[in-house]
Protein chains: 4
Amino acid sequence: MSNDSGSVRRVPQKAEEGAARLAPRRGRPAGDHKAKRAELLKAATAVIAREGYAGASLRKVAQHAGHTTGAVTYYFANKEAMFTAVVESVFDEFDAFLETSRDPADVKTILNQWLNRTSADSDFWPVIFQLLAHARHEPAFAAIIERRYAKLREVLTTILERGQDEGVIRGDIPADLIADQLSAISDGWMMMLPVEPERFAPKRLQALLQATIALISPPSDVSDDRLGR
Amino acid sequence: MSNDSGSVRRVPQKAEEGAARLAPRRGRPAGDHKAKRAELLKAATAVIAREGYAGASLRKVAQHAGHTTGAVTYYFANKEAMFTAVVESVFDEFDAFLETSRDPADVKTILNQWLNRTSADSDFWPVIFQLLAHARHEPAFAAIIERRYAKLREVLTTILERGQDEGVIRGDIPADLIADQLSAISDGWMMMLPVEPERFAPKRLQALLQATIALISPPSDVSDDRLGR
Amino acid sequence: MSNDSGSVRRVPQKAEEGAARLAPRRGRPAGDHKAKRAELLKAATAVIAREGYAGASLRKVAQHAGHTTGAVTYYFANKEAMFTAVVESVFDEFDAFLETSRDPADVKTILNQWLNRTSADSDFWPVIFQLLAHARHEPAFAAIIERRYAKLREVLTTILERGQDEGVIRGDIPADLIADQLSAISDGWMMMLPVEPERFAPKRLQALLQATIALISPPSDVSDDRLGR
Amino acid sequence: MSNDSGSVRRVPQKAEEGAARLAPRRGRPAGDHKAKRAELLKAATAVIAREGYAGASLRKVAQHAGHTTGAVTYYFANKEAMFTAVVESVFDEFDAFLETSRDPADVKTILNQWLNRTSADSDFWPVIFQLLAHARHEPAFAAIIERRYAKLREVLTTILERGQDEGVIRGDIPADLIADQLSAISDGWMMMLPVEPERFAPKRLQALLQATIALISPPSDVSDDRLGR
DNA sequence: GATGAATGAGGCTTCATTCAT
DNA sequence: CATGAATGAAGCCTCATTCAT
């Protein structure tokens, strides 16, 4: 009776706004569950992005979402399950992003986007990086990441093969190996981004991207002159 | 070495004074001290390599070294100081390794070694990776890693410039940018190693290394034929 | 049955009234209610038998019964009420079992059945044991167990008195004291059963039963020879 | 600095008194550890006797001993380890009790003591009972109890054999079977003690003990008259 | 009438750190 | 100088119970 206040807390107007856009909100049926789960997932992602995996306690996630700790463990069996779901959701988001940007014909534009993904405003990279760091001791993470990374590289390979057919990508190295290199490069950048931000200042990043394109272009494409710095 | 000051709490110069006052032999006590410290450092490195940063508690380190909990907190002001020292020591070790392998004239051999460092039997990469993952929230880590990584890339740049002069490295991209790419590539590999071990099976790794060499070689070097898989 | 009052919170007589108001069939809803309650009770018994009282959470009971958490708290005021109902139901079941087996004339056969009850395939003993262990801190349990145990011993006393009249039970000890001893013996066995299963292997159990019969038989019955092992 | 108060709390004079009786307390060497451990063990025993296993949280044990929760987990790896130690210590105590009371020649006196152990002022029975109830789900408990119980029954068998030789115990039933029965009887009593205290009121208990002695005495010993109630 | 989302307390455990000895 | 006993906070998780729907 004295702590009734807490019960009303977590149904702010925002929730209703979102629901209201789709339906006039009758009877509060199912679907609420999924929505709440997604909300918590978003909170978990945000917390992990801001505080790292080590700092991502269930308590903080709950707090960030405006819930109690108990609520989190109601929606997720345990911490591992929660962050496993985070990995999946974050990959889903990235896949969706890729889907929308695959249409354009210019291979190099795509690659630029790809390599430049570090600057996407999503929390994709920080989160993946954090979870990756714990993958060795959380096999569930490793399994998902392996599977989804492989798929990403497949997509990239397809794009590169198209580029080789069109003559804009060097043909002396198999596309899957190039895809692997590009993937590794962007992974490496992502990893160092929080440590060496000035290494990725806009100007320098531009040069890096250009150099990367040069690495995978056919010899003739770059003519003779050195790339400027 | 430059920031030893923060690492030890109650053992400034007085340590040696005190020892000297009690016994005339003045080498041993200090040696003991340093030796024990190094022992703990090695234990810390081993623990972090095996259990990750999240699992690397001071207690485990003490246990692994066969010392008591108190010993750890006596030789290091706190956890941060201890693992800061680990970062330094691990880089020192890697620098020493580089030093010994820099002599040979063949640039490509060096690069092979460099890129292949993932397979070195030292704990360098797993440890760096773990500490890197926490660098954003442990500025002390970030500072050291940034400084030492920069130095590593400088060394690599020098080697690559020599290669460009000798004509075995493509000259159309500035050496520092190539160094950056190579560094990123090996970082990316290192990061994925625990998750996708089969991606780095000996055969595939060979192809990857060969492809990387191809990427940074002058066009003529690879002649016409595609690199095999 | 006598203390049903406490067991159900919000479903006094109104339950049937409410059901009757909505539908003309008046047998089903109440039947549904009782049936569901019984279902939950059975599940509770099974859970307590398998996981012990400590492991018998309302959630597990609900799960085992295939119902939701809310169902349990709807049909029972609280945990205590639920397990109180379990005690009653489990004694009811055992009483029914006794009723069916009391007819035969041979007193020793009955005693054998009684003492051998540990091997009955019902969950009677494990459940009673678990609830008994918590009786001191759950007075509701203690009250029921005391009452029903006393009744059991009364029945046993009656049987033993008949045996004394028939001359197959020793007459030098009052029947109620013998009943007490027998009750204690089987309690003691039941208690140790989970800990020392091999102490109750068929062969040894046979010898124990025979020895018990010998203890309560008139001197002449066992003649001179020692009971074999 | 502000909470120094707590550090001094748990070294009251009583501790020093006990130590002082044996030694003038120099340097506070080892032994302290064992003493503290024993202190916690005693607290654990007391708590389990008073509140049952279900109510015996580490928190309560620590509180009862005047320590923090952390202290408990410092002396015992975990809850299981602590209560395992409790089982052992409680059996040790009971063994010691038996040892001191085994000397007298009169077998029946010994048996009286044995059967009457329920009234011993130690926490032996309540504690054993509580731990026994959890033995099925805590194999460590079961193992210890099985071992030590077997030893107790061996001692009892030896005593009974002596009685048979002296002609005060009936010889028609093997001593080990009688020992088993007696053990079961006292177990059964112990189990019901908290539930039916009036069943073990002094007068009735006297009758029960007398009846038990009668059960295991040679026929001639009890003469003709019925045992009174 | 019945559900299941959510709570908040409490359980066990691990940990970095402090301090008397 | 060095130890290890002890702390107290925090982490994850389970649970009985409440309440809006």
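Order of the sequence lines fixes the chain letters, A, B, ..., with proteins taken first and strands second; residue numbering starts at 1 for each chain.
Distance NE2 (C:His67) to P (E:dG1): 18 Å, rounded to an integer number of Å. The interatomic distance linking B:Asn78 (CG) with E:dT18 (P) rounds to 8 Å, in whole Å. If you take CZ of B:Phe83 and P of E:dT17, they are 11 Å apart, rounded to a whole angstrom. Computed from coordinates, the C:Met82 CE to F:dC15 C1' distance equals 15 Å when rounded to whole Å. F:dT3 atom C1' lies 11 Å from atom OH of B:Tyr75, rounded to whole Å. Here the C1' atom of nucleotide F:dT14 and the CD atom of C:Glu51 are 13 Å apart, to the nearest Å. Spacing between atom CG of B:Leu40 and atom P of E:dA16 amounts to 14 Å, rounded to whole angstrom units. For the pair D:Lys60 NZ and E:dA9 P, the interatomic distance rounds to 16 Å; values are reported in whole Å.
Taken from CZ in B:Phe83 to CG in B:Leu58, the straight-line distance is 6.5 Å, to the nearest 0.5 Å.
Comparing A:Ala77 and C:Glu80 along DNA chain F, the residue whose closest nucleotide (by nearest heavy atom) sits nearer the 5' end is A:Ala77. With the nearest nucleotide of DNA chain F identified for both C:Arg59 and B:Gly70, B:Gly70 has the one nearer the 5' end.
Distance from the side chain of B:Thr73 is smallest to E:dT17 among F:dA16, E:dT17, F:dT3. The nucleotide whose nearest atom lies closest to any side-chain atom of D:Leu58 is, among E:dA2, E:dT13, E:dT17, E:dT13. For C:Thr69, taking side-chain heavy atoms from C-beta onward, the closest of the listed nucleotides F:dT17, F:dA2, E:dT7 is F:dT17. Distance from the side chain of C:Ala71 is smallest to E:dT3 among F:dT17, E:dT3, F:dG8.
Between C:Tyr74 and E:dG1 there is a side-chain N or O to OP1 or OP2 distance below 4.0 Å. Listed pair B:Lys36 / F:dT3 meets the phosphate criterion, a side-chain N or O lying under 4.0 Å from OP1 or OP2. Contact between the side-chain N/O atoms of C:Lys79 and the OP1/OP2 oxygens of F:dT14 is not found at any separation under 4.0 Å.
A side-chain hydrogen bond (donor to acceptor under 3.5 Å, both in side chains) with C:His64 is found for one member of C:Arg50, C:Lys42, C:Glu39 and no other, namely C:Arg50.
A:Ser57 comes within 4.0 angstrom of the backbone, heavy atoms only, and of no base.
B:Leu40 has its side chain within reach of B:Met82: a pair of non-hydrogen atoms, C-beta onward, lies under 4.5 Å apart.
Across C:Tyr53 and C:Gln130, no two heavy atoms sit closer than the pair N-OE1, 3.0 Å.
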message = Using side-chain contact (heavy atoms from CB on, under 4.5 Å), reason through C:Thr84 and C:Phe76 one step at a time and then give a plain yes or no.
response = CA-CA 10 Å; C:Thr84 296; C:Phe76 300 95; over 6 Å; no
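When both pairing distances are held under 3.5 Å, E:dT21 makes a Watson-Crick or G-U pair with F:dA2.
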